[in-house]
Amino acid sequence: MTGPSPAERLVDLLNLEEIDLNIFRGDSPQESLQRVFGGQVAGQALVAAGRTVEDRRPVHSLHAYFLRPGIPGVPIVYQVERVRDGRSFTTRRVIAVQRGRTIFNLTASFHHSEPGFEHQLPMPQVPEPESLPRLADEIREHLGSLPVPLERMARRQAFDLRYVERLRWSPAELKGVEPRSAVWMRAIGSLGDDPLVHTCALTYASDMTLLDAVRLPIEPLWGPRGFDTASLDHAMWFHRPFRADEWFLYQQESPIATGARGLARGQIYDREGKLIVSVMQEGLFRAHAPGRSTDPRSQPQQ
């Protein structure tokens with residue numbers, strides 16, 4: 001017998017329980033060895049906010065801070081404040097609480113589309129996703145097989161990830177590399193037809209690879225790590241409707257890293273080249289103490 005698909009598990013993860021007016025509870029799977037994946041908390045918080053918007057007008061932006069690491073396996077309670085219900089815009093503030101402590105907060109604004117002028121920068125010319133290897137297959141090709149934690153993570157991964165450029169595995173391969181990355185993504189399976197679910201699913205995915213651009217000039221994305229990394233804040237602007245179970249290109253770059261923090265920005269395009277979402281995130285990059293390193297092959301982050 002086969003279990004639910006990765007997409008079905010993601011939809012279930014985003015299906016919060018309403019326990020009181022403006023209060024929701026979300027599951028937190030015991031899948032990470034260190035902390036709850038930040039994209040999960042952001043996606044669930046946006047679900048909570050969206051469920052309190054009466055006319056279901058779509059979200060156009062969110063701004064969030066990661067305040068404390070979440071504890072895997074412990075439910076998270078989302079408290080929604082209905083800040084404003086205007087004729088054109090709706091504003092919600094969400095606080096995520098775990099064991100009595102605030103771990104995350106988010107402000108989201110919702111707005112019906114209105115007629116107006118349009119322009120956008122063009123999508124970069126990149127290979128089609130079908131011509132690129134799946135991330136798990138690329139790692140298997142290099143390592144021979146996936147270590148058990150990564151194999152388990154790959155089976156449950158909700159998104160198919162395909163990097164536009166092949167992964168680099170040694171410091172020598174990083175010489176002259178710019179802080180830029182691009183990856184095709186789509187949910188593995190159907191997410192249904194609720195636009196809020198697709199928005200929250202893409203919010204989940206937006207935290208998966210964005211800080212890669214900061215690390216690229218310093219160390220390989222896979223292998224022993226020289227830095228402890230954590231998302232500090234996250235902002236998104238949603239420009240057009242989309243489906244997160246269809247291919248989208250996540251173009252990422254880091255304009256600066258300094259003071260143990262790295263800034264990354266991303267543009268997300270659909271298959272037809274329309275810019276659908278813009279993203280900004282800052283992350284903490286704190287060097288390990290001498291003699292200590294973290295190997296994501298044994299301690300997966302997502």
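Quick note: numbers below take in every heavy atom, side chains included, and nothing from hydrogens, waters or symmetry partners.
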### Query
Without hydrogens or angle criteria, can the side chains of T52 and R92 be said to hold a donor-acceptor pair below 3.5 Å?
yes
### Task
Calculate, to the nearest 0.5 Å, the distance between atoms SG and CG belonging to C200 and L46 respectively.
4.0 Å
### Task
Please go through V77's hydrophobic cluster and name the other residues, only I, L, V, M, F, W, Y counting, with side-chain heavy atoms under 4.5 Å joining them.
I19, I23
### Query
Side chains of L167 and P220: closer than 4.5 Å at any heavy-atom pair?
no
### Message
Can you tell whether the side chains of E18 and R25 come within less than 4.0 Å, N to carboxylate O?
### Response
no
Using residues 183-190 as the side-chain source, report each donor-acceptor pair under 3.5 Å to any protein atom, sequence neighbours left out, with the distance given to one decimal.
from	atom 1	to	atom 2	distance (Å)
W184	NE1	P127	O	2.9
S190	OG	G192	N	3.2

### Task
Go through the structure and list residues passing salt bridge (charged side-chain N to carboxylate O under 4.0 Å, His left out) with D12, not counting sequence neighbours.
none
### Query
Under 4.5 Å between any side-chain heavy atoms of L249 and R271, yes or no?
no
### Query
Do you know which two heavy atoms are closest between R35 and A230, and how far apart they sit?
NH2-CA, 3.9 Å
### Message
Would you say I268 ends up clustered with Y163 if hydrophobic residues are merged whenever their side chains have heavy atoms under 4.5 Å apart, either directly or through other cluster members?
### Response
yes
### Task
Check whether any side-chain heavy atom of H234 sits under 4.5 Å from a side-chain heavy atom of V279, and report yes or no.
yes
### Message
Counting only heavy atoms from other residues, nucleotides and ligands, does the tally under 6.0 Å from CG of D27 exceed 12?
### Response
no
### Task
Not counting sequence neighbours, list each pair that qualifies as a salt bridge (charged side-chain N to carboxylate O under 4.0 Å, His left out) and has a residue in residues 187-200.
R51-D194, R56-D194, D193-R243
### Task
Just do the side-chain contact (heavy atoms from CB on, under 4.5 Å) check on V97 and I76 with the steps written out, would you?
CA-CA 6 Å; V97 178; I76 302 173; over 6 Å; no
### Task
State which residues pass salt bridge (charged side-chain N to carboxylate O under 4.0 Å, His left out) with R68; sequence neighbours excluded, sorted by chain then number.
none
### Query
Does any donor atom in the side chain of Q281 or D207 lie under 3.5 Å from an acceptor atom in the other side chain?
yes
### Task
Measure the shortest side-chain to side-chain distance between S231 and L211 over non-hydrogen atoms and say whether it is less than 4.5 angstrom.
yes
### Query
Would you say the side chain of P29 lies within less than 4.5 Å of the side chain of L13, judging by non-hydrogen atoms?
yes
### Task
Tell me whether L62 is reachable from L263 by hopping between hydrophobic residues (I, L, V, M, F, W, Y) whose side-chain heavy atoms are closer than 4.5 Å.
no
### Task
Would you mind reporting whether M123 and L275 have side-chain heavy atoms less than 4.5 Å apart?
no
#### Entry: Within 6.0 angstrom of E17 CD, more than 12 heavy atoms from elsewhere
yes
### Query
Under 3.5 Å, is there a donor-acceptor pair between the side chain of Q98 and the main chain of V74?
yes
## Note on the structure
Residue set satisfying side-chain contact (heavy atoms from CB on, under 4.5 Å) with E272, at least two apart, ordered chain then number -> D270
### Summary
Taken in chain and number order and not counting sequence neighbours, the residues that satisfy side-chain contact (heavy atoms from CB on, under 4.5 Å) with R134 are D137, D160, R162
### Query
With a 3.5 Å cut-off and no angle check, do the side chains of Q120 and R240 form a donor-acceptor pair?
yes
### Task
Tell me, yes or no, whether the heavy-atom count around E130 atom CD, taken from other residues, nucleotides or ligands under 6.0 Å, exceeds 12.
yes
### Query
What pairs with E54 under salt bridge (charged side-chain N to carboxylate O under 4.0 Å, His left out), at least two apart in sequence or on another chain?
R82
### Query
How would you list all residue pairs meeting salt bridge (charged side-chain N to carboxylate O under 4.0 Å, His left out) that involve residues 71-81, not counting sequence neighbours?
E81-R93
### Query
Going through the distances and angles, do L210 and R265 end up as a side-chain contact (heavy atoms from CB on, under 4.5 Å)?
CA-CA 7 Å; L210 185 54; R265 59 192 177 201; 5.9 Å; no
### Query
Which pairs count as ring-ring contact (aromatic ring centres under 6.0 Å, His included) when at least one residue sits in residues 61-83, sequence neighbours excluded?
H63-W237, F66-F104
### Query
Given the rule in the side-chain contact (heavy atoms from CB on, under 4.5 Å) test, do S28 and I71 qualify, once you have shown the distances and angles that lead to the verdict?
CA-CA 8 Å; S28 179; I71 305 168; over 6 Å; no
### Message
Under 3.5 Å, is there a donor on one side chain and an acceptor on the other for H111 and S88?
### Response
no
### Message
When you compare the side chain of Q267 with that of H239, does any pair of heavy atoms fall below 4.5 Å?
### Response
no
### Message
Quick check: is V214 connected to I218 through a chain of hydrophobic side chains (ILVMFWY, heavy atoms under 4.5 Å apart)?
### Response
yes
### Task
Treat each ILVMFWY residue as a node, draw an edge where side-chain heavy atoms are under 4.5 Å apart, and state whether Y250 and L132 are in one component.
no
### Task
Begin from the C-alpha positions of H60 and F89 and carry the test ring pair (Phe, Tyr, Trp, His ring centres under 6.0 Å) through to its verdict.
CA-CA 9 Å; H60 80 87; F89 291 87; 5.5 Å; yes
### Message
Filter on ring-ring contact (aromatic ring centres under 6.0 Å, His included), then keep only pairs touching residues 256-276, sequence neighbours left out; what's left?
### Response
none
#### Entry: Full working for side-chain contact (heavy atoms from CB on, under 4.5 Å) between F227 and R286
CA-CA 5 Å; F227 297 87; R286 185 172 288 152; 6.0 Å; no
### Message
Applying salt bridge (charged side-chain N to carboxylate O under 4.0 Å, His left out), can you list everything that pairs with E114, at least two apart in sequence or on another chain?
### Response
none
### Message
Contact between Q79 and V94 at the side-chain level, heavy atoms closer than 4.5 Å - yes or no?
### Response
no
